[in-house]
Amino acid sequence: MSDKIIMVTRSSMPDFEEYCREIKDLWESRWLTNNGTKHGILEKQLEDYFGTPNVTLFTNGHLALENVLEAMDLPKGGEVITTPFTFASTTHAIVRSGLTPVFCDIKRSDYTIDESLIEPLITDKTCAILPVHVYGKVCNVEEIQRIAEKHSLKVIYDAAHTFGVTYKGISTANFGDAAMFSFHATKVFHTIEGGAICCRDDNLARRLCDIKNFGIHGPESTLYIGGNAKMNEFQAAMGICNLRHLDEEIAKRKNVVERYCSRLSGVDGMDLCKDQPYVENNYAYFPVIFNPEKFGSDRDDVFSALAQNNIMARKYFYPLTSAFECYHGRFEPQKTPIALRLSQRVLTLPLYSDLELDCVDRICDIVLRCKKQ
Ligand code: T4K
């Protein structure tokens, strides 16, 4: 058994030759960015894949989120109901857009926003709900939609983790007013860096196209004070290649997850995230919650035991974004007690498509050795 270093994830790569073939014509055309041919092809392929009318590509998921908040023209200082159990990007995008995050707690069962707690947080300043399909777990999209319609709020999903995930056969790209995907190198589907906004509203999609390109609408017309968040042709080419292998990517990840589950399910003091009804998974992350009272060791003990053995699990998502130093004094993390407790107990174990099953066994052996009594 090898003790080579295992990181929390590892980018999937197409064959080198396949990527070279895909980028070859860029040397001939010399068209490298700004709505190039590959960009157009990938947008169309993703619209078909998601079954959604508009996909707008971005240089990364974070800028996609900032751009859609800008394109929706939400009132400055408006309140956005969201969750703190997420990557920095979700909260930062709200704050950097001049909006105010209002943190809602999450559910113990799937770590997504607790929809029953949303309405009490709504004030006359609330303009949007920004829930996160964290780890690829799908929020209660039906109830969130009902609340949003009742109170005339926009819904923007942070769907960064859900490429390939469907609920009742429908891609998560189709819920809410907009859904943001990340195509970062660490994701199930990637374009090296990259992201997209999916939406039904053609006007919103048109605004996004302009805003991501300095607000330029035409050669002599600049409609918005936009920035630069365009995806380039090399990124799009990587996406075109990776999309061809997506089914295989997800199937291999499923194998890894099944091995983890067969070794770790039912252990007292360790909670694994359960499958959700009507949801087709993408096996993006493998979070485990350690209950120190029952397991005998806490999350940090397990993290250290793995690290001593060259296995780099990660504490996604600790600390809560509401507890970041940069927000010191601004939010109260204890107001979302379930999120706070889960953030202190969660460890995401390594997961990627070519993680060998004997490495999974090695990881499980170390984790199980941490159990006391
Ligand atoms: N919303 C949510 C809920 C998100 O999770 C994210 C991003 C976003 C929004 C924003 O989307 P982007 O703007 O990123 O498109 C990583 C990713 O950089 C980030 O995309 C992701 N979420 C977050 C959960 O994880 P770090 O700081 O943990 O990455 P890093 O560099 O430590 O990499 C983790 C592991 O991945 C490494 O140990 C090895 C492997 N890796 C990494 C890179 C960079 C590779 O195999 N290849 C690589 O190129 O944030």
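Whatever order the structure lists them in is the order used to number ligands and atoms, beginning at 1.
Ranking protein heavy atoms by distance to atom 50 (O) of ligand 1, first place goes to Phe87 CZ, 3.6 Å. Thr9 O, 3.5 Å is the protein heavy atom nearest to atom 39 (C) of ligand 1. Here the heavy atom of the protein found nearest to atom 1 (N) of ligand 1 is Asp158 OD2, 2.7 Å. Among protein heavy atoms, the minimum distance from atom 35 (C) of ligand 1 is reached at Val8 CG1, 3.8 Å. Ranking protein heavy atoms by distance to atom 5 (O) of ligand 1, first place goes to His161 NE2, 2.7 Å. The nearest protein atom to atom 47 (N) of ligand 1, hydrogens excluded, is given as Ser11 OG, 2.9 Å; this is a heavy-atom distance.
The part of Tyr285 lying near ligand 1 is the side chain, judged by heavy-atom distances below 4.0 Å. Contacts between Thr186 and ligand 1, counted as non-hydrogen atom pairs separated by less than 4.0 Å, involve the side chain only. With a 4.0 Å heavy-atom cut-off, ligand 1 is reached by the side chain of Met180 but not by its N, CA, C or O. The proximity of Met7 to ligand 1, defined as any non-hydrogen pair under 4.0 Å, is limited to the side chain. Heavy atoms of Met312 found under 4.0 angstrom from ligand 1: none, in either backbone or side chain. The side chain of Tyr316, and not its backbone, has at least one atom closer than 4.0 Å to an atom of ligand 1 (non-hydrogen atoms only; side chain from C-beta on). Residue contacts with ligand 1, taken as heavy atom pairs separated by less than 4.0 Å, involve Ala185 solely via side-chain atoms from C-beta onward.
Within 6.0 Å of CZ on Arg263 lie more than 12 heavy atoms contributed by other residues, nucleotides or ligands. Dense packing is recorded around CZ of Arg244, with more than 12 heavy atoms of other residues, nucleotides or ligands lying under 6.0 Å away. With a 6.0 Å radius and a threshold of 12 heavy atoms from other residues, nucleotides or ligands, His217 has its NE2 atom at or below the threshold. Within a 6.0 Å radius of CD in Gln344, other residues, nucleotides and ligands contribute more than 12 heavy atoms.
Looking only at atom types and distance, the side chain of Glu249 has a donor-acceptor partner in the side chain of Ser353 under 3.5 Å away. Using a 3.5 Å distance cut-off with no hydrogens or angles, the side chains of Asp110 and Gln276 do pair a donor with an acceptor.
With Ser12, Ala284, Ser89, Ala88 as candidates, the residue nearest to atom 9 (C) of ligand 1 on a non-hydrogen basis is Ser89. For atom 13 (O) of ligand 1, the choice among Arg314, His62, His184, Glu66 with the nearest heavy atom turns out to be His62.
Residues satisfying the side-chain contact (heavy atoms from CB on, under 4.5 Å) criterion with Thr123, sequence neighbours excluded, are Glu79, Lys125, Thr126.
Which parts of ligand 1 touch Thr86 is read off a 4.0 Å heavy-atom cut-off, strictly below it: atoms 3 (C). Listed by number with element, the atoms of ligand 1 under 4.0 Å from a non-hydrogen atom of Gly194 are 15 (O). Which parts of ligand 1 touch Lys187 is read off a 4.0 Å heavy-atom cut-off, strictly below it: atoms 7 (C), 19 (C), 20 (O), 21 (C), 22 (N).
If you run side chain to side chain donor-acceptor pair (under 3.5 Å) between Thr162 and each of Asn281, Thr172, Asn282, only Thr172 comes through.
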Open item on the list: I'd like to know whether Phe286 forms a ring pair (Phe, Tyr, Trp, His ring centres under 6.0 Å) with Tyr135, so could you lay out the CA-CA distance, the side-chain angles of the two residues, the decisive distance to 0.1 Å, and finally the verdict.
Closed with: CA-CA 8 Å; Phe286 194 79; Tyr135 306 132; 10.0 Å; no
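No side-chain heavy atom of Tyr278 sits less than 4.5 Å from a side-chain heavy atom of Thr166.
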